[in-house]
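Read through the structure below, which is laid out as structure tokens, and then see the notes.
Numbers here simply count residues along the sequence, with the first being 1.
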Amino acid sequence: MGALLTLAAIVLAAILAPFITPQNPYDLGQVDIMDGRLPPGSEAFAEYTMWLGSDGAGRDLFSAILYGLRISLAVGVTSGLIAIAIGMSVGLLAAYVGGRVEAFIMRIVDLQLSFPAALVALMLVALLGKGIDKIILALVVAQWAYYARTVRGSALVERSKEYVEAAASLGLSHARIMFRHILPNCLAPLIVVGTIQTAHAIALEATLSFLGVGLPQTEPSLGVLIANGFEYMLSGKYWISVFPGVALLITIVSINLVGDQLRDVLNPRLKR
């Protein structure tokens, strides 16, 4: 519950960022270079307190973190939803049709899963270039196989049950049997995997942005904020990287804890 409340507060703060932050950190008219690298609690030239300090460009870190969270969460959730839609459809098709179609699809899934997700995303971003749409596409390609394998495993169990045979004997279409009858009984593990993979997508996007191949400076995320302060770590200006890193850590841990609890709730075997 603590993780759920924390996650809800993070999401709400990210959505309301334009209304609760003293500055739009990416509006050049509101950023003053003279405010650069101020320690936490300093007073800005615009007469507001920078509770978390400022970065090298003079942006208020509290404002920058909330704006960065908006993009990080949007990228993670959007890529996750698209990957779920693709992986769910592919996994259902493999389990329902079976035979050579299933073998072919699952060999592609196995090939995809044999490569680290970070390596796949890194190669795609290097080919496609920077931008939110590019990073979302790279994350979708890196994640869809996890959902396909999860749904296929659950759908194989459901495929052999009597209600599927009854639906087929009524002359229902294959698409209706897959998506109206089998899929609802496969949602529990899909929700759990989707929650955890969302946290993984956020971490992966931050990693790519930190390496300089993810989002550009004009579309900041937490990874970009951490990278911006990395060069100042040895000079004692720790807050430029540490505070965005803490925000990223809290977000990922909260999502993982919520996903872990969802697994316990949605798995009846764990209630015994």
Is there a side-chain contact between [X] and [Y], using heavy atoms and a 4.5 Å cut-off?
X	Y	result
K134	L124	no
I136	S79	yes
Q261	V265	yes
S221	V224	yes
E102	R152	yes
V101	F104	no
F179	P184	no
I202	V75	no

Counting distance only, does the side-chain N/O of [X] pair as donor-acceptor with the main-chain N or O of [Y] below 3.5 Å?
X	Y	answer
D35	V31	no
S63	T21	no
S241	G229	yes
Q112	I108	no
S42	P39	yes
K237	E231	no
W239	D55	no
S169	A166	yes

Hey, could you give me the [atom1]/[atom2] distance between [X] and [Y], rounded to the nearest 0.5 Å?
X	Y	atom1	atom2	result
L5	L12	CG	CG	12.0 Å
E158	L183	CD	CG	10.5 Å
I182	K161	CD1	NZ	10.5 Å
M123	L128	CE	CG	11.5 Å
D60	L66	CG	CG	9.0 Å
R59	I33	CZ	CD1	9.5 Å

- Query: Between R159 and Y96, is NZ or CZ placed under 6.0 angstrom from the six-membered ring centre and within 45° of the ring axis?
  - Reply: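 So R159 does make the cation-pi contact.
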
- Query: Hey, any chance V109 and L156 share a hydrophobic cluster, counting ILVMFWY side chains that come within less than 4.5 Å of each other, even indirectly?
  - Reply: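 No, V109 and L156 fall in different hydrophobic clusters.
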
- Message: According to a hydrophobic-cluster definition based on side-chain heavy atoms being under 4.5 Å apart (Ile, Leu, Val, Met, Phe, Trp, Tyr only), do M106 and V90 belong together?
- Response: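 Looking at the clustering, V90 is in the same group as M106.
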
- Message: side-chain contact (heavy atoms from CB on, under 4.5 Å), that's the test. Do M88 and L190 meet it? Break it down for me.
- Response: CA-CA 8 Å; M88 176 183 67; L190 188 63; 4.1 Å; yes

- Task: With side-chain contact (heavy atoms from CB on, under 4.5 Å) as the test, would you mind laying out the steps for S254 and L257 before giving the verdict?
- Result: CA-CA 5 Å; S254 298; L257 289 176; 5.9 Å; no

- Query: Does the side chain to side chain donor-acceptor pair (under 3.5 Å) test come out yes or no for E205 and S209, once each step is laid out?
  - Reply: CA-CA 6 Å; E205 180 275 320; S209 297; 2.7 Å; yes

- Query: Of the options T195, I10, I196, which is the one that meets I255 in a side chain to side chain contact (heavy atoms under 4.5 Å, CB included)?
  - Reply: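 Only one of T195, I10, I196 forms a side chain to side chain contact (heavy atoms under 4.5 Å, CB included) with I255, namely T195.
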
- Message: Between F210 and F230, is the ring centroid distance below 6.0 Å?
- Response: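 Centroid separation for F210 and F230: below 6.0 Å.
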
- Query: Between V193 and Y147, does a side-chain contact (heavy atoms from CB on, under 4.5 Å) hold up when you go through it step by step?
  - Reply: CA-CA 7 Å; V193 173; Y147 301 110; 4.0 Å; yes

- Query: Does OH belonging to Y48 count more than 12 external heavy atoms closer than 6.0 Å?
  - Reply: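 Above 12, so yes.
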
